[in-house]
Amino acid sequence: MSVFEKGSLCRSIAGHDKDTIYIVVNVGQQIMVCDGRYKKLENAKNKNPKHLILLDREDEELKEKFRSGKVRNEDIKYSIKNYLIHIKKSTGGK
């Protein structure tokens, strides 16, 4: 997976928000991302694609909500939380 699309998980690799996990909410020359907590859907953050790296996990349920237009900030927070739990389990809790 090397193409940004709505609902993809990504991590910031540059800027003051370095290492923050985001969900892609819009794709163009700039990628719009949000985390559902500090950067909400209504106030998504513009990021240069060079400053983001796609993560190897996808949330198909969240992508389906983007397709239907019924995504909420709570859904984004839940998806990021599940990803972080998955990472913690796979690294042995470190």
Side-chain angles (χ1 to χ4, degrees):
M1 176 174 75
S2 63
V3 177
F4 290 98
E5 56 185 49
K6 285 185 179 183
S8 298
L9 281 153
C10 61
R11 182 173 52 90
S12 174
I13 57 174
H16 73 280
D17 61 345
K18 183 178 178 184
D19 293 328
T20 302
I21 306 296
Y22 289 115
I23 300 287
V24 176
V25 295
N26 205 356
V27 180
Q29 286 186 322
Q30 295 282 317
I31 306 294
M32 294 187 78
V33 295
C34 71
D35 64 2
R37 185 174 182 186
Y38 299 111
K39 285 294 177 185
K40 298 189 180 220
L41 282 167
E42 307 81 41
N43 191 28
K45 180 175 184 68
N46 280 324
K47 288 290 282 185
N48 187 325
K50 295 187 288 187
H51 298 165
L52 295 170
I53 187 168
L54 284 171
L55 300 175
D56 60 350
R57 186 153 185 229
E58 293 186 12
D59 186 345
E60 290 301 324
E61 185 177 326
L62 184 64
K63 285 189 175 189
E64 183 58 39
K65 287 183 180 184
F66 269 106
R67 283 191 277 278
S68 68
K70 297 182 180 180
V71 68
R72 303 173 306 156
N73 288 311
E74 291 79 17
D75 300 325
I76 290 172
K77 287 190 284 190
Y78 181 76
S79 181
I80 292 172
K81 181 179 176 181
N82 281 341
Y83 172 75
L84 293 173
I85 290 170
H86 172 75
I87 291 300
K88 187 172 183 179
K89 285 181 182 178
S90 66
T91 59
K94 295 180 181 177

Check: E64: what forms a side chain to side chain contact (heavy atoms under 4.5 Å, CB included) with it, not counting sequence neighbours?
Finding: R67

Item checked: Flag side-chain contact, heavy atom, 4.5 Å: I23 against V33 -> no

Next item on the list: Measure the OH-OG distance between Y22 and S8 for me, rounded to the nearest 0.5 Å.
Entry: 16.0 Å

Notebook entry, point to check: Can you list every salt bridge (Lys or Arg N to Asp or Glu O under 4.0 Å) pair that touches residues 38-51, not counting sequence neighbours?
Noted result: D17-K47

Checklist line | Point-to-point distance, once rounded to the nearest 0.5 Å, from SG of C34 to CG of N26 | finding: 10.5 Å

Next item on the list: Determine whether Y38 and T20 make a side-chain contact, defined as any pair of heavy atoms from C-beta on separated by less than 4.5 Å.
Entry: no

Notebook entry, point to check: Is any side-chain heavy atom of E58 closer than 4.5 Å to a side-chain heavy atom of K63?
Noted result: yes

Notebook entry, point to check: Which residues pass the side chain to side chain contact (heavy atoms under 4.5 Å, CB included) test with D75, sequence neighbours left out?
Noted result: L62, K65, V71, R72

Next item on the list: Could you state whether V25 and I21 fall into the same hydrophobic cluster, counting links through intermediate Ile, Leu, Val, Met, Phe, Trp or Tyr residues with side-chain heavy atoms under 4.5 angstrom apart?
Entry: yes

Check: Which residues, ordered by chain and number, are linked to I13 in its hydrophobic cluster, where ILVMFWY side chains connect at heavy-atom gaps below 4.5 Å, directly or through other members?
Finding: I53

Check: Is the closest side-chain heavy-atom distance between I31 and L52 below 4.5 Å?
Finding: yes

Notebook entry, point to check: Between the main-chain N or O of I87 and the side-chain N or O of T91, is there a donor-acceptor pair closer than 3.5 Å?
Noted result: yes

Item checked: Cluster overlap L41 with Y78, hydrophobic side-chain contacts below 4.5 Å -> no

Notebook entry, point to check: Do H16 and K18 have side chains that get closer than 4.5 Å, going by heavy atoms?
Noted result: no

Check: Measuring from Q29:CD to N46:CG, what's the distance to the nearest 0.5 Å?
Finding: 11.0 Å

Notebook entry, point to check: Which atom pair, heavy atoms only, marks the closest approach of C10 to V24?
Noted result: SG-CG2, 3.9 Å

Margin query: Any non-hydrogen side-chain atom of I80 less than 4.5 Å from a side-chain atom of D35?
Written below: yes

Check: Can you tell me how far the CZ atom of R57 sits from the OG atom of S90, to the nearest 0.5 Å?
Finding: 9.0 Å

Next item on the list: Kindly write out the residues that satisfy side chain to side chain donor-acceptor pair (under 3.5 Å) with D19, not counting sequence neighbours, or none if the list is empty.
Entry: R11

